[in-house]
Student: 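Have a look at this one before I ask anything.
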Amino acid sequence: MAAVTRPRGRWSSLHPRWTMVDGGVDGFCLDITERRLQPERRPTLVVNVVGTFTTEPLQASLKTWCAAATGARVRVKHCGYDTVMKELLSPDATFAAAPPDSSANFVFVRMSDVKDELCAALAAYDESAVPRATLVVVGCPNSARANEAEMGYARKLGSFFGVARMCNLLERVWFAEAEKFLAPSEVELDPVAEKIGAMPFSQFTYDAFGTVAARALAYSRRSPPKVVCVDCDDTLWRGAVGEVGAAGVVGNLVLMERLAHAKAHGVLLVTVSKNVEEDVLAAFAAHADEWPLKADDFVAHKVSYAPKSQAIREVKQQLKLTWLKDFVFLDDNAAEIAEVQANLAGVTCLHVPTERPDDYCRACWALDTLKATREDAQRTTMVREEAARQHGAKALDFSAWIASLELRVSFTTPQGAEERARVVQLSSRTNQFNFSEKRLRAFPEPPAEVTLVTVVDKYGDYGAVGVLVVTESRDHPLEARPTLRLDHFVMSCRVLGRGVEQAMMSWVGALAVARGCATVVVRFDPTERNLPARQFLSAHGILPGDGRSPATRAYDAPRIAAIKFDPGQATTASAESTYLTREPGCDGGGGRGEGGDTRGGEGAGGAGDG
């Protein structure tokens, strides 16, 4: 099969140890270079493709880039022209038969082809009782033949807004709008080929769409960065602010737009610059009306003449992050890149070129972000609020500090698709304070009862931080009183050690008492990461078994209801907040943790769920 062609000197769309290549691969954020296997040992990934236009021209691009993204041998299968609805809905379709662990499904759709039925079909695919392979929906631009009636519907939706919003709420479906990844010059229409063979784009554009699809697949399988540290002079903007003045620098708008989008999806931004801080802040102020980023969009400005590795290390300590792999560092200076690589192994270092930086930034897989919750969008604000809490803690003892927070814990039944999605997200992300090794893959159905826990204090809103799933049952039909089984107890570590965990357990006990249940059945599955949960149960005398193996035990409901938080004898966290604490496999952007979920859990205290 012919290789994917690219014009000479064009940036490869493959991140991260960037070289100028002609369609080749020199490294990738999934550590492909470290885990390239002999051909006979590489797993096989079957990629099933369907579209509202002819998809065969995607063959070479998908095979090349999906192999780079996964390290697998890729076999591409086309499911037939314009059979999107059949593939999404039919139990006999290729999509339905695709093994989840060794397949990926792709749908390519133009904006003019979007109808109400598509959103409903995507939801049905995700909610299938039979496990389905990851589904990537690529939104492509309209062809030259899109008529006014089609465009009228698309305008009503606001481009791909309806599809994007639906996919954001689904667990197994990912959406990528091609034009947000590509330069305008990369979208070439071919009216003649469209008329003859329903191929509305040039081969060059088909190749670009295949790259976008592979980027979305890669994102669905990896942990996105938690923090992006970016240099200022000749990186975030062109020119040296100390020499040309605040008004003289020119913003790298493509990079700024990508960073702003990442921030909206929960990534924390930090400037790391050898400069004068007043000059850096003045540059943001001078361009406040034209730049998509403001100074307040950054959680910290590390501006000094100290080594940049030292600045990044200070950020890691300030945010209490555990792993350097959570960081991405961007700089135009090769010497600065080398200094950080030498002193901070694990940080992804990207050398932003001064020549054609826009092409480079569009092609940067490390900055891709596809899904976000309300909590993700507020993460920068939450980190600032947590910093204010910690500042207040310095002047008070722990008991006085807890009282000063004025925490309010609320228990509600999830309403709407967004809250239901947050329940599943919390279960899949949370590692440290999770009683079960099993993760929710879909919203629980009756008779299970789901409660969403939200917390606010005088500094701000923590958002939805906990999930309780209980089931009322009788072990024997003749049993006089039922029991209340605690199926899932999940809490974000951002509120760990502040009495929320005691309030949640007490609420379960009070619910059992109110319903006349004699006991609450607690199950605990120990994992490598849920030591805080085990310590909590042990401290209150309700740890089933010895804590080293899965165990279940029933406790009197009044005993559970009587659990209270004593700040003077805090048992689950020290007085110092553990916000942003991370463990291997933990993540902040919506992810996969234990139990097959590779993107992990979020950190605590405003940056994630732990």
Side-chain angles (χ1 to χ4, degrees), residues 407-415 419-420 422-424 426-427 430 432-440 442-455 464-492 495-526 530 532-547 549-566 569-572:
L407 264 77
R408 298 184 298 279
V409 184
S410 301
F411 301 86
T412 60
T413 300
Q415 302 293 327
E419 288 192 351
R420 291 166 66 94
R422 177 59 177 163
V423 167
V424 177
L426 269 170
S427 173
T430 304
Q432 297 182 55
F433 216 92
N434 192 334
F435 288 4
S436 175
E437 63 180 354
K438 297 179 181 179
R439 306 304 172 100
L440 295 175
F443 190 83
E445 298 294 335
E449 303 173 49
V450 183
T451 299
L452 193 61
V453 182
T454 57
V455 178
V465 298
V467 172
L468 295 167
V469 181
V470 300
T471 304
E472 187 175 328
S473 63
R474 281 184 169 85
D475 293 333
H476 191 278
L478 299 180
E479 195 173 41
R481 299 173 65 188
T483 62
L484 193 68
R485 188 177 71 242
L486 180 57
D487 299 320
H488 287 275
F489 186 114
V490 175
M491 189 191 75
S492 167
V495 292
L496 178 61
R498 303 180 189 187
V500 178
E501 55 268 48
Q502 286 85 357
M504 290 173 63
M505 186 60 81
S506 178
W507 186 88
V508 171
L511 178 67
V513 171
R515 293 187 176 182
C517 297
T519 58
V520 173
V521 177
V522 178
R523 177 177 175 83
F524 180 71
D525 300 325
N530 66 356
R534 187 177 75 183
Q535 291 174 334
F536 164 76
L537 291 171
S538 177
H540 291 281
I542 53 172
L543 176 65
D546 59 6
S549 58
T552 302
R553 183 176 175 181
Y555 297 92
D556 290 341
R559 177 182 177 183
I560 300 296
I563 290 176
K564 302 296 181 186
F565 177 54
D566 181 0
Q569 297 180 352
T571 56
T572 57

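Side chains included, hydrogens not; waters and symmetry mates left out as well; all remaining heavy atoms used. Note that the structure is predicted; figures quoted are calculated from it, not measured.
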Student: Mind running side-chain contact (heavy atoms from CB on, under 4.5 Å) on Arg515 and Val513 for me, showing each step along the way?
Tutor: CA-CA 5 Å; Arg515 293 187 176 182; Val513 171; over 6 Å; no
Student: Do the side chains of Pro482 and Ser473 get nearer than 4.5 Å, heavy atoms only?
Tutor: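 No, their side chains stay 4.5 Å or more apart.
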Student: So, the side chain of Ser506 versus the backbone of Ala561: is there a donor-acceptor pair under 3.5 Å, distance only?
Tutor: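 Yes.
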Student: Once rounded to the nearest 0.5 Å, what's the spacing between atom CE of Met491 and atom CG of Asn434?
Tutor: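 Here the interatomic distance stands at 11.0 Å.
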Student: Taking the side chain as every heavy atom from C-beta outward, state whether Gln502 and Phe536 have any pair of such atoms under 4.5 Å apart.
Tutor: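 Answer yes - side chains close enough.
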Student: Just by modelled atom types, is the Ile542 backbone N or O under 3.5 Å from a matching donor or acceptor in the Tyr555 side chain?
Tutor: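 Checked: pair present.
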Student: From Arg422 CZ over to Leu452 CG, what is the distance, rounded to the nearest 0.5 angstrom?
Tutor: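 One gets 8.0 Å once the value is rounded to the nearest 0.5 Å.
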Student: Set out, in order, the CA-CA distance, both residues' side-chain angles and the distance that settles salt bridge (Lys or Arg N to Asp or Glu O under 4.0 Å) for Arg485 and Glu449, then state yes or no.
Tutor: CA-CA 10 Å; Arg485 188 177 71 242; Glu449 303 173 49; over 6 Å; no
Student: Check whether any side-chain heavy atom of Val453 lies under 4.5 Å from a side-chain heavy atom of Ser410, and answer yes or no.
Tutor: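 No, side chains not in contact.
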Student: Quick check against the 3.5 Å criterion: does Asp556 have a side-chain atom that pairs as donor or acceptor with the backbone of Pro558?
Tutor: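 The answer is no, because no donor-acceptor pair under 3.5 Å joins these two groups.
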Student: Please round to the nearest 0.5 Å and tell me the distance separating atom CZ of Arg420 and atom CZ of Phe443.
Tutor: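 The CZ atom of Phe443 is 4.5 Å from CZ of Arg420, to the nearest 0.5 Å.
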Student: So, taking the atom named OG in Ser549 and the one named CG in Asp525, what distance separates them when rounded to the nearest 0.5 Å?
Tutor: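 The distance works out to 9.5 Å.
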Student: Please answer whether the main-chain N or O of Phe435 pairs with a side-chain N or O of Asn530 as donor and acceptor at a distance below 3.5 Å.
Tutor: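 A pair under 3.5 Å: no.
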Student: Shortest non-hydrogen contact from Phe411 to Ala503?
Tutor: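 Nearest pair, atom of Phe411 first, then Ala503: CZ-O, 3.6 Å.
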Student: Under a 4.5 Å cut-off applied to non-hydrogen side-chain atoms, are His488 and Leu468 in contact?
Tutor: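 No, side chains not in contact.
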Student: List the steps, then state whether side-chain contact (heavy atoms from CB on, under 4.5 Å) holds for Thr412 with Thr451.
Tutor: CA-CA 6 Å; Thr412 60; Thr451 299; 6.0 Å; no
Student: Are any of the side-chain heavy atoms of Val521 and Arg553 separated by less than 4.5 Å?
Tutor: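 Sidechains of Arg553 and Val521: no contact.
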Student: Between Thr471 and Ala448, what is the shortest heavy-atom contact and its length?
Tutor: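 Answer, listing the atom of Thr471 first, then Ala448: OG1-CA, 3.6 Å.
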Student: So, Arg408 side chain and Thr454 main chain: donor-acceptor pair closer than 3.5 Å or not?
Tutor: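 Flag not set: sc Arg408 to bb Thr454 has no pair under 3.5 Å.
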Student: Before giving the answer on side-chain contact (heavy atoms from CB on, under 4.5 Å), spell out for Leu484 and Leu511 the whole-Å C-alpha distance, their side-chain angles and the decisive distance to 0.1 Å.
Tutor: CA-CA 9 Å; Leu484 193 68; Leu511 178 67; 4.0 Å; yes
Student: One thing to verify: whether Lys564 and Asp566 come together as a salt bridge, which I'm taking to mean a side-chain N less than 4.0 angstrom from a carboxylate O.
Tutor: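 Looking at Asp566 and Lys564, the cut-off is not met.
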Student: Does some side-chain heavy atom of Arg523 sit less than 4.5 Å from a side-chain heavy atom of Pro550?
Tutor: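 Of all side-chain heavy-atom pairs linking Arg523 with Pro550, at least one is under 4.5 Å.
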Student: Indicate yes or no: at least one non-hydrogen side-chain atom of Leu407 is less than 4.5 angstrom from one of Arg498.
Tutor: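 The answer is yes, as the side chains (C-beta and beyond) meet within the 4.5 Å cut-off.
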Student: Can you find a heavy atom in the side chain of Thr430 that is under 4.5 Å from one in the side chain of Arg439?
Tutor: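 The answer is no, as the side chains (C-beta and beyond) never meet within the 4.5 Å cut-off.
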Student: Ring-plane angle category for Phe489 and Phe433, please: parallel below 30°, perpendicular beyond 60°, tilted otherwise.
Tutor: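 Correct class here is tilted.
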